Amino acid sequence: YTDNNKFVKATILHELTHDYFNQIAWEMISVDSMHVDRSYIPYHWILTTMESFGSGFIEEGVCEYIVEKMGEVIIPRVTVVPRTVEELTQEENKYRMKYKYSAHFLREFLDEKGFKRGVKILIHNPPPTYEEMLDPDLFFSRLLEPGLPG
């Protein structure tokens with residue numbers, strides 16, 4: 001992959017972002033008494049395949065977004081945008097979809113909302129379905145902010 005430079009610093013920052021993502025979830029639950037969708041509760045692994053794929057898609061996208069924003073990885077010149085569920089879920093497309101497309105999927109939302117607020121909104125809501133990953137407007141139009149009436 002021409003956009004995967006596998007730098008140690010980028011990898012460490014990506015992995016630290018996973019920890020920060022989980023820290024935000026725990027803070028929402030234990031400090032703020034806010035709802036976190038069960039798909040994002042750290043160490044809660046009783047999920048369906050689609051929920052698991054969707055929550056992983058969001059978490060990996062958040063991590064890649066941060067590393068890209070910090071200038072530690074090369075952003076693809078052209079992001080491969082899936083047209084079908086098969087393209088999205090094929091094992092040979094895993095890196096392009098679950099890391100690069102997911103960061104692309106989240107970029108505008110996180111730029112607009114800010115990182116921590118954006119993550120709180122994302123993990124307050126159920127993860128995207130396959131259909132929503134293919135049509136981001138469906139996903140972003142249904143998101144509710146934590147603490148607001150649903």
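Side chains are part of it too, since the values below use all heavy atoms of this structure and drop only hydrogens, waters and symmetry mates. Because the structure is a prediction, the values reported are computed rather than measured.
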For [X] against [Y], the heavy-atom pair lying closest together:
| X | Y | value |
| --- | --- | --- |
| L106 | V62 | CD1-N, 3.6 Å |
| I24 | V119 | CD1-CG1, 3.9 Å |
| Y101 | P136 | OH-CG, 3.9 Å |
| V36 | A25 | CG2-O, 3.7 Å |

Backbone N/O of C63 and side chain of T17: donor-acceptor pair under 3.5 Å: no
Measure the spacing between [atom1] of [X] and [atom2] of [Y] and express it to the nearest 0.5 Å.
| X | Y | atom1 | atom2 | value |
| --- | --- | --- | --- | --- |
| M28 | Q23 | CE | CD | 13.0 Å |
| K98 | E59 | NZ | CD | 9.5 Å |
| S102 | M97 | OG | CE | 9.5 Å |
| R96 | E87 | CZ | CD | 9.5 Å |
| K69 | E64 | NZ | CD | 14.0 Å |
| D135 | F140 | CG | CZ | 11.0 Å |

No-hydrogen, no-angle side-chain donor-acceptor test under 3.5 Å, D111 and Y65: yes
Donor-acceptor side-chain pairing of E60 and H18 below 3.5 angstrom: yes
Salt-bridge present (R117, E112; N to O < 4.0 Å): no
Basic-acidic side-chain contact under 4.0 Å: E132, R142: yes
E27 CD: over 12 foreign heavy atoms closer than 6.0 Å: yes
E131 CD: over 12 foreign heavy atoms closer than 6.0 Å: no
is_close_aromatic(F57, F139), centroid dist under 6.0 Å: no
Are the side chains of [X] and [Y] in touch, meaning some heavy atoms are under 4.5 Å apart?
| X | Y | value |
| --- | --- | --- |
| I123 | F21 | yes |
| M133 | F53 | yes |
| P128 | I58 | yes |
| K9 | H14 | no |
| Y40 | N22 | no |
| L88 | N93 | no |
| V80 | K100 | no |
| D37 | N125 | no |

Geometric class of the H124/H35 ring pair [parallel <30°, tilted 30-60°, perpendicular >60°]: perpendicular
Geometric cation-pi criterion, K120 with F115: 6.0 Å, 45°: no
Derivation and outcome, side chain to side chain contact (heavy atoms under 4.5 Å, CB included), residues L110 and I66: CA-CA 10 Å; L110 292 173; I66 282 294; over 6 Å; no
I12: side chain to side chain contact (heavy atoms under 4.5 Å, CB included) partners, not counting sequence neighbours: V8, L16
Cluster check L138, L144: I/L/V/M/F/W/Y, side chain < 4.5 angstrom: no
